[in-house]
Number of protein chains: 2
Amino acid sequence: MMSSDSSSGYGELSAQDLLHLLFKINHLLQRQFEMGLISYGLPEQLTGPRLRVLLEISAAGQIRMNELAKNLGIKARTVTQFVDALQKDQFIVRTPDTSDRRATILQLTDSAKSLMERAEEVMGEISNKLLERLTLEQRSQLVEILWQLDSNRTEFSTKDG
Amino acid sequence: MMSSDSSSGYGELSAQDLLHLLFKINHLLQRQFEMGLISYGLPEQLTGPRLRVLLEISAAGQIRMNELAKNLGIKARTVTQFVDALQKDQFIVRTPDTSDRRATILQLTDSAKSLMERAEEVMGEISNKLLERLTLEQRSQLVEILWQLDSNRTEFSTKDG
DNA sequence: TATTGTTATACTCTATAACTATA
DNA sequence: TATAGTTATAGAGTATAACAATA
């Protein structure tokens, strides 16, 4: 699969192999990250996407479902589902927005607030562990590379624009 | 969210910010990769995971469902579903394994074979485009970094081992 | 008894379309 | 008419548990 040369010449990979390697390692890291959260005692219902929702609410203090959808890049329907699940588990509460009665405002419950504090700590520790093998120089290189990749933004046209 | 310093000091990110940046860019790249496949005229049913299944079968020539599950790191039940879908779309065929009548062997159909040739080309082109902003040096650095991250393998214990 | 694949079932993430209540 | 959120529905990806056929 990967024009193999397991000695040291890893600079010789094709773009495709490099990209696949990136996808693979990223997937592994995400897996380890999520396992880390659980192993540090965070509730298992807190999947990656749900955690992202809570972090967004936490950062905002309070936020409309509307805006949450925009921030997370997901659709209103999807937010409703997250909110249903998170409310059922008592992580958040819905309150009607008095200034616009169509809207709903989300807030963390008190218990979720302390959970999020813990989550922040834990995420910091996990991140340190996952990246511990990288030298400072490699970290800067990685940032630079990611930055470059982000600014690339190749546009592949799809039928629907 | 990200201890901001939008000038140039991107080497100063915390491990957590760096990891999140990685996750984000990776997600973006994967999205662009999939959009690229479609924009090059590959069938839309060919989602990322399904493509991976076909690539695995293609590489093997023929393969047992059993082994496919192992190679992809997914469960037998999940393979059945992929195979059902891919067979319905006439990308693959099931044939009984005469040497072990419990087993089923998978092969690409002829049309899928030529599709996969095309897919390989297209993936190469897309990869080149997505990584075109990286210098050769950055590519080596990235490989080195990913390699390092792969060898890290922090083990977070979960309840079930 | 162990293994291969399937049926039955379920859960998460995501989406579109139609609708309600409000603006 | 446009916006905020919900109901209804769907589909992809993943899983566990129970089971049939075979080893």
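Every chain is numbered from 1 and lettered A, B, ... according to where its sequence line falls, protein lines coming before strand lines.
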(message) I want to verify a distance call: between dT6(C), dA15(D), dA4(D), whose nearest atom is closest to the Met65(B) side chain?
(response) dT6(C)
(message) Let's test your reading of the model: under 3.5 Å, does the base of dT12(C) pair with the side chain of Gln81(A) as donor and acceptor?
(response) no
(request) From the options dA21(D), dT14(D), dT3(D), select the nucleotide whose nearest atom is closest to the side chain of Arg102(B). (result) dA21(D)
(request) Considering just the side-chain nitrogens and oxygens of Arg94(A), establish if one lies under 4.0 Å of OP1 or OP2 belonging to dT6(D). (result) yes
(message) Whether Glu132(B) and Lys129(B) form a salt bridge (side-chain N of Lys/Arg under 4.0 Å from carboxylate O of Asp/Glu) is what I want to check.
(response) no
(request) Give the rounded distance in Å between these two atoms: CG of Leu72(B) and C1' of dA15(D). (result) 16 Å
(request) Using a strict cut-off of less than 4.0 Å between a Lys/Arg side-chain nitrogen and an Asp/Glu carboxylate oxygen, indicate whether Asp84(A) and Arg94(A) qualify as a salt bridge. (result) yes
(message) Rounded to whole Å, how long is the line connecting atom CD of Gln45(B) with atom P of dA12(D)?
(response) 10 Å
(message) Mind checking if Thr80(A) touches a base, just sugar-phosphate, or nothing, with heavy atoms under 4.0 Å?
(response) base
(message) Output the rounded distance in Å from CG (Leu68(B)) to P (dG5(C)).
(response) 10 Å
(request) With the side chain of Lys75(A) defined as its heavy atoms from C-beta on, choose the nearest nucleotide among dT9(C), dA4(D), dT16(C). (result) dT16(C)
(message) Rounding to an integer number of Å, can you tell me how far Arg64(A) CZ sits from dA23(C) P?
(response) 10 Å
(request) Pick base, sugar-phosphate or nothing for Arg52(B), based on heavy-atom distances below 4.0 Å to the nucleic acid. (result) nothing
(message) Show the nearest heavy-atom pair for residues Phe91(A) and Ala112(A), with the distance to one decimal.
(response) O-CB, 3.0 Å
(message) Please compare Pro49(A) and Asp100(B) by the position of their nearest nucleotide in DNA chain C and report the one closer to 5'.
(response) Asp100(B)
(request) Taking all non-hydrogen atoms of both residues into account, name the closest pair between Leu130(A) and Leu149(B) and its distance. (result) O-CD2, 3.6 Å
(message) Heavy-atom nearest nucleotide on DNA chain C for Val79(B) versus Arg77(A): which residue maps closer to 5'?
(response) Val79(B)
(message) The test is salt bridge (Lys or Arg N to Asp or Glu O under 4.0 Å); show your working for Glu67(B) and Lys70(B) and say whether it passes.
(response) CA-CA 5 Å; Glu67(B) 203 183 340; Lys70(B) 228 184 308 166; over 6 Å; no
(request) Specify the separation, in whole Å, of atom CZ of Phe82(A) and atom P of dT6(D). (result) 14 Å
(message) Please tell me if Thr47(B) has a side-chain N or O lying less than 4.0 Å from either OP1 or OP2 of dA12(D).
(response) no
(request) Return the 5'-most residue of the pair Glu67(A), Gly48(B) with respect to DNA chain D, ranking by each residue's nearest nucleotide. (result) Glu67(A)
(message) If I take atom CD in residue Gln30(B) and atom P in nucleotide dG13(D), what distance separates them, rounded to the nearest angstrom?
(response) 13 Å
(message) What is the distance, to the nearest angstrom, from the CG atom on Asp84(A) to the C1' atom on dC13(C)?
(response) 14 Å
(request) Check the distance between dT14(C)'s C1' and Arg50(A)'s CZ and give it to me in whole angstrom. (result) 13 Å
